[in-house]
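Structure record follows, encoded as structure tokens.
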Amino acid sequence: MAAPAAAGDLRFLLVGLLLVVVVGSRLVRPPDGGGIPTKLDGPFEPATRAFDRALRQGSDEVPITEPRLAPCARTPAPEQIALAASSDATSVWVSWVTGEAQVGSHLTPLDPSTVRSEVWYSERPSPTAAAAGDVSGHYPHVARGKAEVYSQLYPYPGLLNYTSGAIHHVRLRGLRPATRYYYRCGDSSVRGGAGLSGELSFETLPSSAAAAYPRRVAVVGDLGLTGNSTSTVEHLARNDPSLVVVVGDMTYANQYRTTGGRGVPCFSCSFPDAPLRESYQPRWDGWGRFMEPLTSRIPMMVIEGNHDIEPQGQGGAVTFASYLARFAVPSEESGSNTKFYYSFNAGGIHFIMLGAYVDYNRTGAQYSWLEKDLRKIDRRVTPWAVAAWHPPWYNSYSSHYQEFECMRQAMEGLLYQHGVDIVFSGHVHAYERMNRVFNYTLDPCGPVYITIGDGGNIEKIDIDHADDPGKCPGPGDNHPEFGGVCHLNFTSGPAKGKFCWEKQPEWSAFRESSFGHGILEVVNSTYALWTWHRNQDAYGEDSVGDQIYIVRQPDKCLLQTTSASSENNCPSEGCPSLVSNSGYGAQKDIIRSGHLIWNAFLVIWMILISTVFMKGNLCSRF
């Protein structure tokens with residue numbers, strides 16, 4: 001009588017094992033992507049989609065008189081309201097501007113101490129009665145911060161000076177992750193609530209955990225404020241992100257009016273005959289107003305670009321005044337104590353924002369901070385490490401080709417050693433996604449580098465590639481605004497001994513010259529869906545410019561030894577290859593073999609189980 005019970009136990013055991021196997025297979029397989037490729041399918045053959053000549057290569061600036069750029073609030077009410085993430089989900093920065101900016105020759109700056117910096121907030125929306133200014137009875141929490149004023153000064157005839165309104169920054173603390181909050185910002189002491197904004201809301205990011213991720217992260221670069229820029233932002237907003245990352249060059253204020261509103265292909269142009277290029281600061285105010293419907297409800301994280309340098313004063317001694325004053329970033333929270341580089345968590349993603357226009361050498365403060373920040377990442381809590389900075393290290397376009405080679409040689413090894421998964425950059429006004437690469441060599445453990453500098457700025461789209469006939473830059477081209485020049489010739493592969501490839505480089509997987517933005521959707525600790533949305537696809541159903549699942553393989557790519565680095569003292573003929581191309585193919589074969597073995601394992605278990613069930617059913621008939 002014990003035999004039937006034993007058979008039942010065996011069937012139960014085998015069914016359990018089958019469930020474990022099937023569930024396990026789902027954990028290592030991508031979600032149903034409908035044929036979307038994964039990085040496991042790579043490295044990919046280089047592909048280029050030609051520029052669509054039916055599209056315009058650029059568009060004119062949105063004039064400063066455009067209604068969308070006008071103040072939507074009357075003084076002393078706040079305007080240009082923007083949110084920024086702090087180092088974790090329990091804190092958020094709120095920024096805004098009050099008072100009127102001034103432009104002219106002889107200016108008296110506002111006194112920021114004369115106005116309060118307050119944010120009143122609650123987890124519940126307030127009744128309409130609070131609109132009259134009675135915030136204390138409707139919002140149980142209040143946070144206070146500080147305000148500042150900055151000036152852009154030109155001691156040269158013909159160039160006008162600027163002084164800003166009061167720029168406020170307040171940090172909200174002790175928030176609950178993944179929770180919607182309702183808030184009003186401004187000065188509650190002004191009679192009748194005239195110094196307060198209307199009620200707005202935002203949702204905090206999820207807490208740092210391997211199973212918690214932002215819904216969507218929008219990535220965009222080199223925005224400016226043109227017709228193309230407005231299309232990009234409108235398209236981005238329709239994709240409903242929970243976080244926006246801007247990889248530099250926000251407003252292009254340094255090219256408005258000085259170029260007649262149509263842009264020029266150079267940075268060092270002078271106007272009129274002064275040694276400095278005038279930056280039209282009211283453009284920042286217009287940009288902040290245009291972005292406010294988005295940034296007042298979704299955190300926006302920024303990093304500086306070359307068009308944000310804006311030198312002023314005698315000989316251009318002062319730089320980045322607007323960038324440093326207008327944006328709140330978690331610099332103190334992340335231990336950098338500077339807005340030029342910092343880090344923060346967004347659910348299970350650790351973001352690292354690096355500065356290309358401050359010292360990045362191995363003996364500098366930024367390198368030391370980066371090393372400490374990378375060491376502190378707990379991949380059990382934040383499996384994904386994503387870095388961003390303005391100029392790309394890997395770039396096959398003629399524009400800015402090898403421009404920041406010195407930065408790559410100084411820092412690439414550190415990112416590789418610590419297994420950074422994805423790198424976003426801008427600067428080049430086009431789109432390009434790389435195969436996994438390290439030191440110009442295909443490497444399955446290298447990051448996925450993506451150039452997304454196609455936001456829509458005044459300088460038009462870049463369409464020339466360094467491998468196009470006659471388009472390879474010369475040694476005197478592409479000098480950075482900061483740092484040295486480390487141009488090199490390749491030492492191995494098809495481009496050995498040459499400065500440019502004669503065909504699309506093997507590390508460049510896909511490139512296209514179109515305006516747009518990207519969306520990163522992290523699915524779990526292994527898979528993330530990256531989608532590049534072109535502006536011309538905004539109204540197309542299921543139409544995207546590029547889409548791929550980026551796959552982490554921490555078991556295959558352990559932390560590297562310190563010997564894996566891109567030396568900064570490379571010879572003039574270039575750095576040697578540190579990783580063999582064959583390694584990528586070998587690992588790819590191993591992965592494919594593993595999938596085949598796994599599938600065979602499933603088939604065997606299914607045969608065994610079906611055999612046991614058949615025997616069990618035959619016995620039960622008797």
Side-chain angles (χ1 to χ4, degrees), residues 62-84 92-103 109-122 125-136 138-139 142-150 162-172 181-202 225 230 233-234 237 244 250-251 253 280-300 322 325-328:
V62 176
I64 200 69
T65 54
E66 164 76 34
R68 291 176 294 178
L69 276 54
C72 57
R74 297 179 61 180
T75 300
E79 61 156 338
Q80 304 178 50
I81 302 169
L83 304 172
V92 165
W93 284 95
V94 184
S95 304
W96 67 93
V97 178
T98 58
E100 296 183 3
Q102 306 167 64
V103 178
L110 298 176
D111 181 0
S113 66
T114 61
V115 59
R116 295 181 183 180
S117 303
E118 302 172 332
V119 177
W120 297 81
Y121 60 100
S122 172
S126 170
T128 54
D134 180 20
V135 289
S136 60
H138 300 283
Y139 297 91
V142 60
R144 295 179 174 87
K146 60 183 181 179
E148 61 181 299
V149 169
Y150 81 94
Y162 170 93
T163 184
S164 72
I167 302 171
H168 305 257
H169 301 299
V170 177
R171 184 182 174 196
L172 280 55
Y181 284 88
Y182 300 84
Y183 74 99
R184 297 180 70 184
C185 60
D187 185 346
S188 64
S189 69
V190 180
R191 181 177 298 179
L196 291 167
S197 70
E199 185 176 80
L200 300 162
S201 74
F202 64 88
L225 197 48
T230 60
V233 174
E234 290 164 1
V244 178
M250 273 65 78
T251 69
Y280 189 68
Q281 291 299 294
R283 200 65 177 165
W284 282 97
D285 295 309
W287 191 84
R289 292 164 190 150
F290 176 77
M291 296 292 290
E292 182 179 338
L294 180 69
T295 60
S296 61
R297 60 185 181 87
I298 298 170
M300 178 180 69
S322 185
R326 290 179 181 270
F327 297 108

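- Side-chain contact between Trp120 and Ser136 is present, with at least one heavy-atom pair separated by less than 4.5 Å.
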Before giving the answer on side chain to side chain contact (heavy atoms under 4.5 Å, CB included), spell out for Leu172 and Phe202 the whole-Å C-alpha distance, their side-chain angles and the decisive distance to 0.1 Å. CA-CA 12 Å; Leu172 280 55; Phe202 64 88; 4.1 Å; yes
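- Contact between Val170 and Gly145 at its shortest, heavy atoms only, is CG2-N, 3.5 Å.
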Set out, in order, the CA-CA distance, both residues' side-chain angles and the distance that settles side chain to side chain contact (heavy atoms under 4.5 Å, CB included) for Trp96 and Ser296, then state yes or no. CA-CA 9 Å; Trp96 67 93; Ser296 61; over 6 Å; no
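- Nearest approach of Pro63 to Arg283, heavy atoms of both residues: C-NH1, 4.0 Å.
- A heavy-atom distance below 4.5 Å is found between the side chains of Val62 and Leu69.
- Heavy atoms only, all atoms of each residue included: Ser95 and His169 are closest at OG-ND1, 2.7 Å.
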What verdict does the side chain to side chain contact (heavy atoms under 4.5 Å, CB included) test give for Leu196 and Val135, after you've listed the backbone C-alpha separation in whole Å, the side-chain angles of each residue and the deciding distance to 0.1 Å? CA-CA 9 Å; Leu196 291 167; Val135 289; 3.5 Å; yes
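- Smallest separation of non-hydrogen atoms from Val94 and Val119: CB-CG2, 4.0 Å.
- Proximity of a side-chain donor or acceptor of Ser197 to a complementary backbone N or O of Cys185 within less than 3.5 Å is detected.
- The shortest non-hydrogen separation linking Ala325 to Tyr150 is CB-CD2, 3.7 Å.
- Residues passing the side chain to side chain contact (heavy atoms under 4.5 Å, CB included) test with Ile298 are Pro241, Val244, Leu294, sequence neighbours excluded.
- Atoms OG1 and CH2, from Thr251 and Trp284 in turn, are 4.0 Å apart once rounded to the nearest 0.5 Å.
- Interatomic distance, NE2 of His138 versus CZ of Arg184, reported as 9.5 Å (0.5 Å rounding).
- Atoms OG and OH, from Ser126 and Tyr182 in turn, are 11.5 Å apart once rounded to the nearest 0.5 Å.
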Would you be so kind as to tabulate the donor-acceptor pairs closer than 3.5 Å made by side chains of residues 74-83, with sequence neighbours excluded?
{"unit_1": "Glu79", "atom_1": "OE1", "unit_2": "Arg289", "atom_2": "NE", "d": "2.6"}
{"unit_1": "Glu79", "atom_1": "OE2", "unit_2": "Arg289", "atom_2": "NH2", "d": "3.2"}
{"unit_1": "Gln80", "atom_1": "OE1", "unit_2": "Arg326", "atom_2": "NH1", "d": "3.4"}
{"unit_1": "Gln80", "atom_1": "NE2", "unit_2": "Asp285", "atom_2": "OD1", "d": "3.1"}

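- The two residues Ala328 and Ala84 come nearest to each other via the heavy atoms O-CB, 3.2 Å.
- Here CD of Glu118 is found 10.5 Å from NE2 of His168. Values are rounded to the nearest 0.5 Å.
- One finds the CD atom of Glu66 at 8.5 Å from the CG atom of Leu225 (value rounded to the nearest 0.5 Å).
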Pair Gln281-Val103, side chain to side chain contact (heavy atoms under 4.5 Å, CB included): steps then yes or no: CA-CA 9 Å; Gln281 291 299 294; Val103 178; over 6 Å; no
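- Separation of atoms CD1 (Ile167) and OG (Ser322) is listed at 6.5 Å; rounding is to 0.5 Å.
- Here salt bridge (Lys or Arg N to Asp or Glu O under 4.0 Å) pairs that include residues 290-299, with residues two or more places apart or in two chains, number zero.
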